[in-house]
Protein chains: 4
Amino acid sequence: MGGQRGRPRSEQARVAVLEAAGDLLLEGGLAAAHVEAIAGRAGVSKATIYKWWPNRGAVVLDGFLERVRHSLAIPEGLRTVAALEFQIGELVALFRDPRIGSALRGIASEAQSDPELARAVRERWLAPRRAVTTAVLTAGVAAGDLRPDLDVELVMDQLYGPLYFRLMFGHGPLPDDLAHRLVNQLLHGIGHQD
Amino acid sequence: MGGQRGRPRSEQARVAVLEAAGDLLLEGGLAAAHVEAIAGRAGVSKATIYKWWPNRGAVVLDGFLERVRHSLAIPEGLRTVAALEFQIGELVALFRDPRIGSALRGIASEAQSDPELARAVRERWLAPRRAVTTAVLTAGVAAGDLRPDLDVELVMDQLYGPLYFRLMFGHGPLPDDLAHRLVNQLLHGIGHQD
Amino acid sequence: MGGQRGRPRSEQARVAVLEAAGDLLLEGGLAAAHVEAIAGRAGVSKATIYKWWPNRGAVVLDGFLERVRHSLAIPEGLRTVAALEFQIGELVALFRDPRIGSALRGIASEAQSDPELARAVRERWLAPRRAVTTAVLTAGVAAGDLRPDLDVELVMDQLYGPLYFRLMFGHGPLPDDLAHRLVNQLLHGIGHQD
Amino acid sequence: MGGQRGRPRSEQARVAVLEAAGDLLLEGGLAAAHVEAIAGRAGVSKATIYKWWPNRGAVVLDGFLERVRHSLAIPEGLRTVAALEFQIGELVALFRDPRIGSALRGIASEAQSDPELARAVRERWLAPRRAVTTAVLTAGVAAGDLRPDLDVELVMDQLYGPLYFRLMFGHGPLPDDLAHRLVNQLLHGIGHQD
DNA sequence: GTGTAATCGAGACGGTACGTCTCGTCTTCTG
DNA sequence: CAGAAGACGAGACGTACCGTCTCGATTACAC
């Protein structure tokens, strides 16, 4: 059934583009990662980039994800609270790197005017992290560590939302113990305890 | 004390620019609110715009803030929980308007590459809302409704962060009862209650 | 030897720009030949124009020269005096066309604030004409028609200078027989003949 | 009848404008003599300038003429040839000053797109000089120094044209002895003398 | 091996927004 | 009420980046 014809796609070019995009994005932010610069640094032509990616946002997202590929923390053998703190802490650590923070802000920014990119960000950046946390929360409920009637999605947004909020708007810091404080406060609630 | 000299700034022009910027932003998103379009619709020259605003982002933010000037909900005569739900609910209602949501996303997007605009967004959009909530929280503590040891900033980010998170990334809806659920969940905590 | 790389320059675009620039310049003078108008009429983007020409002046000069490409009169088989009159006459005829006169005035005007354009005008408009006249004068001396001690450059300026002077300042007409009168008067001198 | 009413025109302002215009023009060329700069340096408002002059060209011309007011050489007690050389020499000397040359080029340039300015240049700059030379030439004919059948206008253009030609196009120098060589060559003609 | 077909580097192109500049007009307050 | 101050509309300038296109030069696989 139809063996492929013609010159196959150059793996080398693909990798070079992703590295160039990631480098430029991390070094100079989104503005520095314009297509011509990516192509130039990758030793690749713009046409090649646009052949395999629909637009700049897609390239930059791929380059970014390649750079942070190993950042998806899978907590193992930890109790519920520790697991939550661990995973959130990993994200805080990531966001604290100004280069990565800036890159992610840039990508989120680009996604505002590109629904397809927005979808990709959700599916390839957010979803995996949320899946892990969903598992932790479900297990936590099963283990009796968490209330059985909690709203998983909302919990995640109350744990991660503050991070992204501060990242995007810069109105507050991302201190080292932020993960602990987030989990702790949500865990015990802020209502008066009698 | 130096009376003013020269022709005073045209209030009419200022208002026309803000209205044009706001209209275009709400109608067509950030992309539609380019400077020439704003100038054209306002019956004003580009030079006048650039005389009073440093760049497009600043104009658009001003236009937007003018449009939502009355959206700052001041809860009066409400108990702590109701006050929180009220104010967050107002923001949810605002964000649910796709035109306003899109506008705010656009502005946040623009702010990623313009630190001055980012600062303005913090000071003129976020800060007033946070001030109100800060007051509510402080009063709530004093009234014994809330734990005295809560982290005010963090509480606000756990209440508002999810909204902005969902607004910016679109991974979850903004249902009508979101304010209630946010407050409720944070109030009582998600830990198992014995 | 060194095959060309990349997409070759579009000859069509180049020609369209020159024609548009020439047309606009001749139809409406320098003011009408602004870059956006040239780009629009040529069906070309501004970026393409600025890729190949450093500024408006350069485009307009090229467009003009293209229009008058065939105006360089080479006198053949004429005796010295007739040859001079012929070549000068050609220029007079050109200058008498108000569209061409206006165009050339515009270009000279632009060149006052653009040394590079001034150089181009000298090299591409003046020099070729002066080369022809230099040859005529040199031959005229050799043939014994002209004084052997004449200053070639000065002769040319006394023949052509009046034309450009009247063109630029408009203080005198450019009658049909101007070439003849210029040559005649310079030939015989204005001193009293004993 | 009817003594004038209101505040009379400030002579001081008029002079300050002319001096500022002249200074700027001579210091930085036409580009530096923009209206705001003139007004600023003169301590005068733009409106005042536009009240008394129709446009920038007119101001600049006036400023320039004020600066060179005393440059109109009236040869007295000289024989025809010496008188011609004297007056042309004065102009050569003027043109050799790069600041004045640049200023005059700028004005001529501006005049290409402003017929009214062109007229003013003719009447107030060229005409007086031509009047003097006309007188010299007429006297020269009467004295028997010059051919009685010469074309006065053409003679002037063959004497002055080369100066303006070289000034405007920069294709040749303006050496010290240019006046002498111009007069000499035109006087004796370039035809072979038998 | 030779043909065929898709890929590649290079880079020109149309489109479109940006922010800057100067001109000449106007509006207000001050002396 | 003339004039300084300076805001304003108009509109051209040159720059930047996007995504598309057109070349000629490379590869691989198929025959």
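All values derive from a computational prediction rather than experimental measurement. Throughout, a chain's letter reflects where its sequence line sits, starting with A, and its residues are numbered from 1.
Straight-line distance from the CG atom of C/Asn55 to the P atom of F/dA12: 17 Å, rounded to whole Å. At whole-Å resolution of the value, CG in D/Leu24 and P in E/dT22 are 12 Å apart. One atom, CZ of C/Arg9, and another, C1' of F/dC21, lie 17 Å apart when rounded to the nearest Å. Distance B/Trp52 CH2 to E/dG19 P: 18 Å, rounded to the nearest Å. As a whole-Å value, the separation of C/Glu36 CD from F/dC13 P is 8 Å. Taking atom CD1 on D/Ile49 and atom P on E/dT25, their separation rounds to 13 Å, with Å as the unit. Regarding B/His34, its NE2 atom lies at a distance of 4 Å from the P atom of E/dA17, rounded to whole Å. Rounded to whole Å, atom C1' of E/dC18 lies 12 Å from atom CD1 of B/Ile38.
The residue among A/Ala42 and D/Ala31 whose nearest nucleotide of DNA chain E lies closer to the 5′ end is A/Ala42. Along DNA chain E, the nucleotide nearest to B/Pro8 and the one nearest to D/Pro54 differ in position, and the one closer to the 5' end is contacted by D/Pro54. The 5' end of DNA chain F is approached more closely, in terms of each residue's nearest nucleotide, by D/Val44 than by the other of C/Ala47 and D/Val44. Mapping B/Glu11 and A/Arg56 onto DNA chain F by nearest heavy atom places B/Glu11 closer to the 5' end of the strand.
Counting any heavy atom pair closer than 4.0 Å across all strands shown, B/Trp53 reaches no nucleic acid atom.
Side-chain N/O atoms of B/Tyr50 include none lying less than 4.0 angstrom from OP1 or OP2 on E/dT20. A close approach under 4.0 Å does not occur between any side-chain nitrogen or oxygen of A/Ser45 and OP1 or OP2 of E/dC8.
Donor-acceptor pairing under 3.5 Å, judged by distance alone, is present between the side chain of A/Lys46 and the base of F/dG19. Under 3.5 Å, the side chain of D/Lys51 and the base of F/dG3 form no donor-acceptor pair of N or O atoms. For a distance-only test at 3.5 Å, the side chain of C/Arg7 qualifies as a donor-acceptor partner of the base of F/dC21.
Checked for salt-bridge contact, A/Arg124 and A/Asp62 meet the test: a charged N lies under 4.0 Å from a carboxylate O.
Listed candidates were F/dC8, E/dG19, E/dC13. Nearest to the side chain of C/Thr48 is E/dC13.
Screening C/Glu27, C/Glu19, C/Glu36 for a salt bridge (charged side-chain N to carboxylate O under 4.0 Å, His left out) with C/Arg41, the sole residue that qualifies is C/Glu27.
Put simply, CG on A/Leu30 and CD on B/Gln112 are 10.0 Å apart, with the number rounded to the nearest 0.5 Å.
Between A/Trp125 and B/Phe169, the ring centre distance reaches or exceeds 6.0 Å.
Judged by a 6.0 Å distance limit and a 45° cone about the ring axis, C/Arg9 is positioned over the six-membered ring of C/Trp52.
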